[in-house]
Amino acid sequence: MEQSLTIVVPTLNAATGLGATLAALDGLPVVVVDAGSRDGTVEIARAAGARVVTAPPGRGGQLAAGARAAEGEWLLFLHADTRPGAGWRAAVAAAMREPERAHYFRFALDDPGPEARRLERLVAWRCRVLALPYGDQGLLIARSLYEAVGGFRPLPLMEDVDLVRRLGRRRLVPMPEVALTSAARWRREGWRRRSARNLLCLSLWFLGLPPGLIRRLYG
């Protein structure tokens with residue numbers, strides 16, 4: 001890639017999926033921002049060649065800390081249980097020609113069932129109509145743009161929505177590649193229950209409830 005890129009991955013007891021994510025990022029600088037994992041997450045990250053920094057729990061603060069520690073002209077924020085698809089490097093290289101805009105992957109789940117396909121369609125609709133990609137779709141952004149809009153705020157929840165709202169529709173562009181996210185949470189908690197809870201949290205955020213209160217409701 002012509003311009004330097006650093007990938008920032010926040011973690012907290014993320015050992016289950018982190019290895020596959022880091023394998024997909026092989027050869028690129030990765031900053032793993034850990035919030036006190038006790039399950040081997042840090043060891044997996046270091047074995048994969050990632051730089052590990054620590055931060056208090058809270059994804060917004062972790063992402064902000066990762067951005068500060070990163071050295072690239074471009075930043076790719078990625079969840080630990082999300083790995084970009086096979087053609088992601090070409091998609092990112094093309095997107096990096098547009099530093100005035102931020103870019104995100106298409107949402108996909110690693111589950112073959114119809115519930116997963118239905119959720120993927122709903123997320124595609126949310127991105128197209130509401131311009132609200134979430135953090136599990138990754139976010140590729142030039143450091144100059146990231147800093148211009150104020151970066152991630154140290155919120156306990158909804159840090160991704162907060163940032164993309166500040167970016168605005170005109171500065172958000174989908175990339176022609178998927179980011180494959182683990183469906184384990186939906187299978188464990190129930191597809192409809194988890195989706196309904198996510199929608200409730202988003203609604204409460206738009207109504208102006210404090211993120212800390214929403215976090216307690218979120219569980």
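Worth knowing before you read on, the calculation uses all heavy atoms, side chains too, and leaves out hydrogens, waters and symmetry mates. It should be emphasised that the depicted structure is a prediction, and the values quoted were computed from it without experimental measurement. Sequence positions, counted from 1, serve as the residue numbers for this chain.
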**Q** A side-chain contact here means heavy atoms from C-beta on lying under 4.5 Å apart; do L140 and L75 qualify?
**A** no
**Q** Identify whether L163 and L130 are in the same connected component of the hydrophobic contact network (ILVMFWY, side-chain heavy atoms under 4.5 Å).
**A** yes
**Q** If you measure from CG on L5 to CG on L76, what distance do you get to the nearest 0.5 Å?
**A** 6.0 Å
**Q** Would you say the side chain of R143 lies within less than 4.5 Å of the side chain of T6, judging by non-hydrogen atoms?
**A**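 When only atoms from C-beta onward are counted, R143 and T6 do not touch, as no gap falls below 4.5 Å.
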**Q** Starting from L172, can I reach F206 by hopping between I/L/V/M/F/W/Y residues whose side chains sit under 4.5 Å apart?
**A** yes
**Q** Classify the ring geometry of F107 against W186: parallel below 30°, tilted from 30° to 60°, perpendicular beyond 60°.
**A** perpendicular
**Q** Flag the pair F77 / Y104 as yes when their ring centroid distance falls below 6.0 Å, and as no otherwise.
**A**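 Aromatic pair excluded; centres sit 6.0 Å or further apart.
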**Q** Taking it one step at a time, do D81 and T181 satisfy side-chain contact (heavy atoms from CB on, under 4.5 Å)?
**A** CA-CA 6 Å; D81 63 350; T181 292; 4.3 Å; yes
**Q** Do you know which two heavy atoms are closest between V33 and V8, and how far apart they sit?
**A**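 Nearest heavy atoms, V33 then V8: CG2-CG1, 4.1 Å.
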**Q** Taking side-chain hydrogen bond (donor to acceptor under 3.5 Å, both in side chains) as the cut-off, I'd like each qualifying pair that reaches into residues 23-40, sequence neighbours left out, listed once.
**A**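 Residue pairs passing side-chain hydrogen bond (donor to acceptor under 3.5 Å, both in side chains), neighbours aside: T11-D34, D34-S37, D39-T41.
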**Q** Examine V30 and F105 and state if one hydrophobic cluster contains both, with Ile, Leu, Val, Met, Phe, Trp and Tyr joined whenever side-chain heavy atoms are less than 4.5 Å apart.
**A** yes
**Q** Evaluate the criterion side-chain contact (heavy atoms from CB on, under 4.5 Å) for residue pair S182 and R83; output intermediate values, then yes/no.
**A** CA-CA 9 Å; S182 170; R83 64 184 187 275; over 6 Å; no
**Q** Take atom CD in E71; do more than 12 heavy atoms of anything else shown fall under 6.0 Å from it?
**A**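 No.
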**Q** Run L109 and L180 through side-chain contact (heavy atoms from CB on, under 4.5 Å) and show every step you take.
**A** CA-CA 5 Å; L109 290 165; L180 192 66; 5.6 Å; no
**Q** So, do V32 and R51 sit near enough that their side-chain heavy atoms are less than 4.5 Å apart?
**A**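 Heavy-atom side-chain distance check fails, nothing below 4.5 Å.
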